[in-house]
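What follows is one structure encoded as structure tokens, with my remarks underneath.
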There are 2 protein chains.
Amino acid sequence: MKLGQATIKDIAKELNVSTSTVSRALKDYPGISDETKRKVKELADKLNYRPNAVALSLRKSKSFTIGVIIPEVVHFFFSTVISGVEEVAFANGYNVILCQTNEKFNREKSSVETMLSNQIDGVLVSFSRETTNFDHFKKMIELEFPIVFFDRIPDLENTINVTVNDYQGAYKAVKHLIDQGFKRIVHLSGPDNLTISKQRKEGYLDALKDSGIKVKPEWIVECPYGTEKESILITIELFKNKENRPDAIFAHHDIVAAGAMMALKALNLRIPEDVGVVGFSNWQFSSMIDPPLSTVAQPGFQIGETATKILLDLINKKTNMDSSPLNIVLDTELLIRKSSVKV
Amino acid sequence: MKLGQATIKDIAKELNVSTSTVSRALKDYPGISDETKRKVKELADKLNYRPNAVALSLRKSKSFTIGVIIPEVVHFFFSTVISGVEEVAFANGYNVILCQTNEKFNREKSSVETMLSNQIDGVLVSFSRETTNFDHFKKMIELEFPIVFFDRIPDLENTINVTVNDYQGAYKAVKHLIDQGFKRIVHLSGPDNLTISKQRKEGYLDALKDSGIKVKPEWIVECPYGTEKESILITIELFKNKENRPDAIFAHHDIVAAGAMMALKALNLRIPEDVGVVGFSNWQFSSMIDPPLSTVAQPGFQIGETATKILLDLINKKTNMDSSPLNIVLDTELLIRKSSVKV
DNA sequence: TTGTAAGCGTTATCAG
DNA sequence: CTGATAACGCTTACAA
């Protein structure tokens, strides 16, 4: 209206036919004379007719829109995921509506409400760091609302999850450090309530155990915020004592690793000669820092693609939610760069 | 329905009142008995009633949704902008629908169509690298559809734009290099059809001119793709000849700068002793590389915020499109780090 | 204080 | 081959 947007009614009036005829003509329904079809389509073209998606949604109880709830867009990993989501959604004629929670529980809850209100067809979720109560998601699941979790997955029954093999990634990373001759490997870990953090820690622990290395409790330090600054402070603290210093760091993601590297440089420790470093996630910058950072690459784009494909299948009933509590686990890849290779 | 979602009708039937009464009760309209209000609200609560946003959109011809069209989510700058957009939109009860064009013109055109079909209330656009024809946007503007361009702005009449002062940023950066004693400053420039690229180039040229430095044509090299690899190759080529080598690089963004730094290191040139480097955009990694990269910071988040505020004003008729062809230009900030400071 | 009915744009159903 | 009508969920004159 505001747009002078032509509707099916306008076309009908102009051509002296009924709206149903127009509707059918536009969709090439059988049983409409070619003549009428032609006229309708011509006029539609001329008037720049565009079907009103909102009316369609209402009519069909289907919006061709999926929602994505993530902690933060600016995290490289998440933006990669979104990119994958967008691709698949777009290819299938779906729109993507975005809500970032900024790692806030309340924001997450209200995002869920918004999404439901907006009649979206399904939702992809990676929940916030603060989230320990999953009732808002449970409600959706009970309503059989299509939902797929990725990366950060909840401790709930009957969910469909797409993750990477964090355990395996961490294991490979630490094993690699051990193979390089590092022995006192510390772990800068993530927030404890996230499965991914736990998995990475497990991988770290098992790799050490399998190599007969006994872990000291002080080797595991949580970096809940995952910022560069936090990591610098923690690293400096870790290396304060000159005796029995750690000789390698496995960080739960690259920003933390980069922070650690900055701290090490400030302490005049050489990487990797004195201290080896491996990160997680293969952030954009990781190959560009000095020395280039070894890291565990997560296929973010692929996570987005996969999760979206599954969600669309769910929406279109090709998959059934309860019939198949699904757990897709994608492989990680250890990218060995200079920061962890003894010469 | 599928969700067992309760509607106003359900409530009405259950309480033996009309739907209008329910509607009014829920919105605290005057002239509804407290008793009824209470009952309605109670039941609504119990049934987990949630207004159907789609029906509302249809009724009011307003969707409380804005669209964002950008080249790529994974670019740090754009994800920062989105973050700002999301904040303001969320705070005002608006949803954000996202389309990335992947720098493809066709994709951009179809995104515009989708958005219009979906009755979004307004749109924020940063167009693709490929876009030289602006008819699809022109159409929107002629229809008085609320649209705000940011960062990459078109050559059209009567548009509202939010940009950063690219010219000024570039000028400051190059002036700084000159002040540090660099004299043969090359510019790795962006794609020529983008205003931002032109502006940055102008800033570069003027800074040199104002300092009485004559620019050699071979000092300006276009890096249209802006990838690290492209930049490495170009830099190596630029420094091939040992005589009269450049002594500083001003790159049109940080990835390009980082690529150049990698090339310089490979050539055993020291940064900043032999070659000074300044980038653009202040990517996340820029402070973490070695040496930390001087760069021109663009307030991405603020761009997103500002553009969205203006868009919402437009939508709500607080601002008028043609009455005020607006050009908001935000300031950049030169962040001086080690890569450009002679000791 | 409450109800009736029309309408937002579209399509499915039934009837001609 | 085409038309009338109802319905999706909600709001809002207008009536009562």
Side-chain angles (χ1 to χ4, degrees), chain A residues 1-41 43-44 47-65 93 114 116-121, chain B residues 1-41 43-44 47-65 93 114 116-121:
Chain A
M1 222 2 98
K2 175 177 64 183
L3 293 179
Q5 264 300 13
T7 73
I8 237 171
K9 265 190 191 167
D10 300 325
I11 302 182
K13 206 181 297 172
E14 181 119 359
L15 294 178
N16 273 317
V17 294
S18 72
T19 56
S20 11
T21 304
V22 175
S23 172
R24 288 189 275 238
L26 286 171
K27 331 204 85 180
D28 277 327
Y29 261 55
I32 294 282
S33 74
D34 287 351
E35 175 63 6
T36 320
K37 271 190 200 168
R38 198 185 46 73
K39 276 203 274 184
V40 168
K41 285 187 180 168
L43 187 57
L47 297 182
N48 216 328
Y49 170 76
R50 195 178 291 110
N52 182 325
V54 172
L56 275 172
S57 291
L58 184 59
R59 183 74 235 270
K60 306 230 172 155
S61 316
K62 179 148 174 36
S63 59
F64 282 96
T65 302
T114 310
L116 287 177
S117 281
N118 278 278
Q119 312 301 109
I120 57 163
D121 297 338
Chain B
M1 210 22 90
K2 174 179 66 184
L3 292 179
Q5 264 301 13
T7 72
I8 234 170
K9 262 190 196 167
D10 300 325
I11 301 182
K13 206 182 296 172
E14 181 118 0
L15 295 177
N16 273 318
V17 294
S18 72
T19 55
S20 26
T21 305
V22 176
S23 169
R24 289 189 273 240
L26 287 170
K27 330 203 83 179
D28 276 327
Y29 261 56
I32 296 282
S33 75
D34 287 352
E35 175 64 5
T36 318
K37 272 191 201 168
R38 196 188 46 74
K39 276 203 274 186
V40 168
K41 286 188 179 169
L43 186 57
L47 296 182
N48 216 328
Y49 169 77
R50 195 177 293 112
N52 182 323
V54 172
L56 275 173
S57 292
L58 185 60
R59 183 73 234 269
K60 306 231 173 154
S61 315
K62 178 148 174 39
S63 59
F64 282 96
T65 301
T114 311
L116 287 177
S117 281
N118 278 277
Q119 311 300 109
I120 56 163
D121 297 337

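The analysis underlying the following values was restricted to heavy atoms, covering all of them including side chains, and did not include hydrogens, waters or symmetry mates. No experiment lies behind these values; they were computed from the predicted model shown. Chain letters run A, B, ... following the sequence lines, proteins first and then strands; every chain starts at 1.
- You'll find that the side chain of S18(A) is closest to dA4(D), out of dT12(D), dG3(C), dA4(D).
- Between D121(B) and K60(B), no side-chain nitrogen of the basic residue sits less than 4.0 Å from a carboxylate oxygen of the acidic one, so the salt-bridge criterion is not met.
- Nearest-nucleotide assignment on DNA chain C puts the 5′-proximal partner with K9(A), out of K9(A) and K27(A).
- When the P atom of dT1(C) is taken as reference, atom CZ of R38(B) falls 15 Å away, rounded to whole Å.
- Among dT1(C), dT2(D), dA12(C), the nucleotide with an atom closest to any side-chain atom of T36(B) is dT1(C).
- Checked by distance alone, R24(B) brings a side-chain donor or acceptor within 3.5 Å of a matching partner on the base of dG3(C).
- Atom NZ of K41(B) sits in a crowded spot, with more than 12 heavy atoms from other residues, nucleotides or ligands closer than 6.0 Å.
- A distance of 14.5 Å separates CZ in R38(A) from CD1 in I32(A), rounded to the nearest 0.5 Å.
- Here CG of D10(B) is found 11.5 Å from OG1 of T19(B). Values are rounded to the nearest 0.5 Å.
- Going from atom CD1 of I8(B) over to atom P of dA7(D) covers 18 Å, rounded to whole Å.
- Between Y29(B) and dT12(D), a side-chain N or O to OP1/OP2 separation shorter than 4.0 Å is present.
- The nucleotide whose nearest atom lies closest to any side-chain atom of T21(B) is, among dT10(C), dG3(C), dT12(D), dG3(C).
- One finds no side-chain N or O of S20(A) lying less than 4.0 angstrom from the OP1 or OP2 phosphate oxygen of dA4(D).
- At the phosphate of dT2(D), OP1 or OP2 sits under 4.0 Å from a side-chain N or O atom of S33(A).
- In terms of position on DNA chain C, the residue among V17(B) and R59(B) whose nearest nucleotide sits closer to the 5' end is V17(B).
- Relative to the side chain of L56(B), the nucleotides dC1(D), dT11(C), dT11(D) differ in distance, and dT11(D) lies closest.
- Atom C1' of nucleotide dG9(D) and atom CG of L58(A) are separated by 6 Å, given to the nearest angstrom.
- The structure places OG1 of T65(A) at 8.5 Å from CG of N118(A), a figure rounded to the nearest 0.5 Å.
- The distance between atom CD of Q119(B) and atom P of dG9(C), rounded to the nearest whole Å, is 8 Å.
- Listed nucleotides dT2(C), dT12(D), dT10(C) differ in distance to I32(B); the shortest reach to its side chain belongs to dT2(C).
- A straight line from OH of Y49(A) to P of dG9(C) spans 10 Å, rounded to a whole angstrom.
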